[in-house]
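One structure below.
Reckoned from all heavy atoms, side chains included, excluding hydrogens, waters and symmetry mates. Below, chains carry the letters A, B, ... as their sequence lines are ordered, and counting in each starts from 1.
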Amino acid sequence: MSVDTTVVKCPECNSRDLIYDDKRGERHCAECGMVIENRIIDQSAEWRDYTSDGVRTDRSRVGAPSSNLLHDKGLSTTIDWQNRDYSGSAISSKNRPQMYRMRKWQQRAKTTNYKDRNLITALNRIQYLCSKLDLPKSLAERASAIYRRALEANMIRGRSIDTTAAAAVFIANQQMQTARTVDDIAKEFKINPKEVGRTYRFMKRGLKIRTPPPSPLVYVSRFCSELHLNKKTENRIREIIELAEERELTYGKSPCGITAAAIYIAGYETEQVRTQREISDVTNVTEVTIRNRYKQLAQSLAIEFEV
DNA sequence: AAGACGAAAGTGGTTGA
DNA sequence: TCAACAACTTTCGTCTT
């Protein structure tokens, strides 16, 4: 067993309210839903060989690692289609009909119920989405775990799989502080971003997951590279945002808007000017909002600013 | 002509009675 | 549950360079 009893607090939000779920073999935080530990049943390879004296030659008991990305976590049994028994000899004609029946039921048991079939599709969609958006596998794992929980809680019925999968990815994205917006995610699936946003909130409420409000800093490197800004400008943008956060000018404002305004200001300071239009295009924030934000920032931070 | 500006009306979410 | 509200968007006419 690999229960790590040293973890008593959630590394994400410091809550001590950790729930152990032996059905799923995982512990997660009641506050934010962060999975502290999963696969509590030890999945590590049994690389021991009892037949040869201590020399590890036979590793036949080693299987693929279990994963949230597979609907059965890679643990279900399959019955081979060949009419052979395990030693390779043919199965007698007497037993063959029985084999057929077993296979049939095995196949049905594996995929027949609504939840499993739903999961298969959903997990595929999650993986597809994550690879399209260059998100790491660990994020796909987390999104999958969230989706599983939503499915267990009967929160999927009546919603499209794509929308729910997108929402799960967005939650994981928020938790791991990667710079993807609802729009980015919705675009890949060609679905309504508003629906995704709605489902995202619904799932967070239903599963009692809290995500940290995204800092404007999260988006800096991404927007900078899309606008071809150099390191000097990028650093200045970070400085401005950090100052704004210190002075609590960012609460209740859209993080992208703050980032956009900081880009606009820093651009003039380092002579890497970008127009409001250009910034608006990559940040998906309107020029009006950029104007309002940069004026407020420049004034509050006493940054001399001339266009 | 391009970019910036700002007023005015509209949208969707949050909050508090 | 509903109205008030803050933030943000859309639209559009005007000003500046």
Give the rounded distance in Å between these two atoms: [atom1] of [X] and [atom2] of [N].
{"X": "A/R277", "N": "C/dT10", "atom1": "CZ", "atom2": "C1'", "value": "12 Å"}
{"X": "A/Y294", "N": "C/dC8", "atom1": "OH", "atom2": "C1'", "value": "18 Å"}
{"X": "A/L297", "N": "C/dA7", "atom1": "CG", "atom2": "P", "value": "14 Å"}
{"X": "A/R198", "N": "B/dG13", "atom1": "CZ", "atom2": "C1'", "value": "11 Å"}
{"X": "A/E287", "N": "B/dA2", "atom1": "CD", "atom2": "P", "value": "13 Å"}
{"X": "A/I290", "N": "C/dC8", "atom1": "CD1", "atom2": "P", "value": "12 Å"}
{"X": "A/E195", "N": "B/dG12", "atom1": "CD", "atom2": "C1'", "value": "13 Å"}
{"X": "A/N284", "N": "C/dA7", "atom1": "CG", "atom2": "C1'", "value": "17 Å"}

Next on the checklist: Need to verify one output field. Residue with the more 5' nearest nucleotide on DNA chain B, A/T275 or A/V288?
Outcome noted: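 Taking each residue's closest nucleotide, the earlier one in sequence belongs to A/T275.
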Salt bridge present between [X] and [Y] (N-O < 4.0 angstrom):
{"X": "A/R238", "Y": "A/E234", "result": "yes"}
{"X": "A/E195", "Y": "A/R198", "result": "yes"}
{"X": "A/K187", "Y": "A/D183", "result": "no"}

Is the shortest side-chain N/O distance from [X] to OP1 or OP2 of [N] below 4.0 Å?
{"X": "A/K295", "N": "B/dG6", "result": "yes"}
{"X": "A/Y268", "N": "B/dA4", "result": "yes"}
{"X": "A/Q276", "N": "B/dC5", "result": "yes"}
{"X": "A/Y264", "N": "B/dA4", "result": "yes"}

Checklist entry - Looking at B/dT14, C/dC8, B/dC5, which one has an atom nearest to any side-chain atom of A/R293? => result C/dC8
Checklist entry - Tell me, what's DNA chain C's dot-bracket, Watson-Crick or G-U with both distances under 3.5 Å, | for other-strand, [ ] crossing? => result |||||.|||||||||||
Item to check | Heavy-atom donor-acceptor pair, A/R222 side chain to A/A179 backbone, under 3.5 Å | outcome: yes
Checklist entry - Ignoring hydrogens and geometry, is there a side-chain-to-backbone donor-acceptor pair from A/N173 to A/R180 under 3.5 Å? => result yes
Next on the checklist: Under 4.0 Å, heavy atoms only, any strand: does A/G252 hit a base, just the sugar-phosphate, or nothing?
Outcome noted: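 Result for A/G252 = sugar-phosphate.
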Checklist entry - Which part of the nucleic acid, if any, lies within contact of A/T286, taking any heavy atom under 4.0 Å across all strands shown: a base, the sugar-phosphate backbone alone, or nothing? => result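 The residue A/T286 makes base contact.
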Checklist entry - Of A/T199, A/L119, A/T163, A/L151, which is the lone residue that meets side-chain contact (heavy atoms from CB on, under 4.5 Å) with A/I156? => result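 Single side-chain contact (heavy atoms from CB on, under 4.5 Å) partner of A/I156 among A/T199, A/L119, A/T163, A/L151: A/L151.
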Next on the checklist: If the condition is side-chain hydrogen bond (donor to acceptor under 3.5 Å, both in side chains), which residues does A/E245 pass it with, not counting sequence neighbours?
Outcome noted: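 Per chain and number, A/E245 pairs via side-chain hydrogen bond (donor to acceptor under 3.5 Å, both in side chains) with A/S215.
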